[in-house]
Amino acid sequence: MRLSTFIHQKSSERIVRKVRRHPVTLVPALVVFVLLFAMPPTVRLLLLTLFPTTLQSLPPLFPSLIIIATSVYYLSVLLFGYSYFLDFYLDLLIITNHRIIDINQLGLMARRIAEVDLSAIQDMTSEIKGACGSLFNYGTLSVQTAGAVEQFIFHHIPHPETVRQEILDLAEENRKYHNEMSKS
Amino acid sequence: MLILPLSTLLFIYAFFALLDVGFFIMNISNLIRTGTFTLPSFFATFLFLSGSVLIVWATWYFLQETDWQQTITVWNNLWINQLLGTIFTVN
């Protein structure tokens, strides 16, 4: 399926920008992932150093048990990493010349999709906080709307000020278009 | 006393592997359904798949010499008796 089909893109609608969270926000999970991967060899090394005779005197079945347990562990860690990346990748903010669509993947089996018409936007705020946010230029974008959902908040998006300006320009363009349509 | 053949471990492993496959299918279906199967997600999927194949292959390689007909004692009442014996031994 194409993204345009997924968001039911109208014929006059064009996707202006697709925004995901800044890749730098993946770094903590990446560190955890690397630590989890390094754990079995580290534990083995520690055991060999601290209790060298104990490991040699284990029953002959024990290595097979350890290998199977380690294999299950590594498969689980790999799956955790993959699922985490997809959770990041499937969270998407789509800006079109008509609306903003916020797709939020909630774990493996849930997804929340919210959208707001550009004409319903009342106010927008972009905020960059902290050392990391300032260094890598990412932050929060809040959209105040006149719709049922009063506020949309998008966290960790790259270049929030540029995105805010772009949405404001599109909203202005949209307003002009609707005014011309109502006059003619 | 509860004794199981070592091959039981393979069934447990197969169960985990199937669970892994199930989660993978769910992830892939999410990618396809949302129309986000692009180069980065393809690369991540490729890494996941190649990593999984490597792990399964390494497991098979290291377990080649294992005699799966052996039995493994999962539970023995004597262990408790011995344990209690060591705790409550009066010197």
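Chain letters run A, B, ... following the sequence lines, proteins first and then strands; every chain starts at 1.
- Taking the ring axis of A/Phe88 as reference, the NZ or CZ atom of A/Arg21 does not stay both within 45° of it and closer than 6.0 Å to the ring centre.
- In summary, A/Arg175 and A/Glu172 engage in a salt bridge, as defined by a charged side-chain N under 4.0 Å from a carboxylate O.
- Looking at B/Ile55, the atoms closer than 4.5 Å to chain A (heavy atoms on both sides) sit in the backbone and in the side chain alike.
- For the residue pair A/Asn174/A/Arg99, the side-chain donor-acceptor check at 3.5 Å is not satisfied.
- Contacts of B/Phe16 with chain A are made by side-chain atoms alone, with heavy-atom separations under 4.5 Å and no backbone atom involved.
- Among B/Thr59, B/Asp20, B/Val21, the single residue meeting the side chain to side chain contact (heavy atoms under 4.5 Å, CB included) criterion with A/Leu75 is B/Asp20.
- Relative orientation of the B/Phe37 and B/Phe42 rings is perpendicular, given thresholds of 30° and 60° on the angle between their planes.
- For chain A, the nearby part of B/Trp68 is the side chain; its heavy atoms alone come within less than 4.5 Å.
- With a 4.5 angstrom heavy-atom cutoff, B/Thr45 touches chain A via backbone and side-chain atoms both.
- Looking only at heavy-atom pairs under 4.5 Å with chain A, the residue among B/Ile12, B/Leu9, B/Asn30, B/Asp67 that has the most is B/Asn30.
- Classified by interplanar angle (parallel below 30°, tilted 30° to 60°, perpendicular above 60°), the ring pair A/Phe33/A/Phe37 is tilted.
- Only the backbone of B/Thr71 comes within less than 4.5 Å of a heavy atom in chain A; its side chain stays farther off.
- Residue A/Leu79 touches chain B through both its backbone and its side chain, counting heavy-atom pairs closer than 4.5 Å.
- With a 4.5 angstrom heavy-atom cutoff, A/Ile103 does not touch chain B via any of its atoms.
- Listed options B/Ala17, B/Ser41, B/Ala58, B/Ser29 were ranked by heavy-atom pairs under 4.5 angstrom with chain A; first place goes to B/Ser41.
- Using a 4.5 Å cut-off between heavy atoms, B/Phe24 contacts chain A through both its backbone and its side chain.
- Proximity to chain B involves both the backbone and the side chain of A/Tyr74, based on heavy atoms less than 4.5 angstrom apart.
- There is a side-chain donor-acceptor pair under 3.5 Å between A/His98 and A/Ser12.
- Linking Ile, Leu, Val, Met, Phe, Trp and Tyr whenever their side-chain heavy atoms come within less than 4.5 Å leaves B/Leu54 and A/Ile68 in two separate clusters.
- Looking at A/Leu78, the atoms closer than 4.5 Å to chain B (heavy atoms on both sides) sit in the backbone and in the side chain alike.
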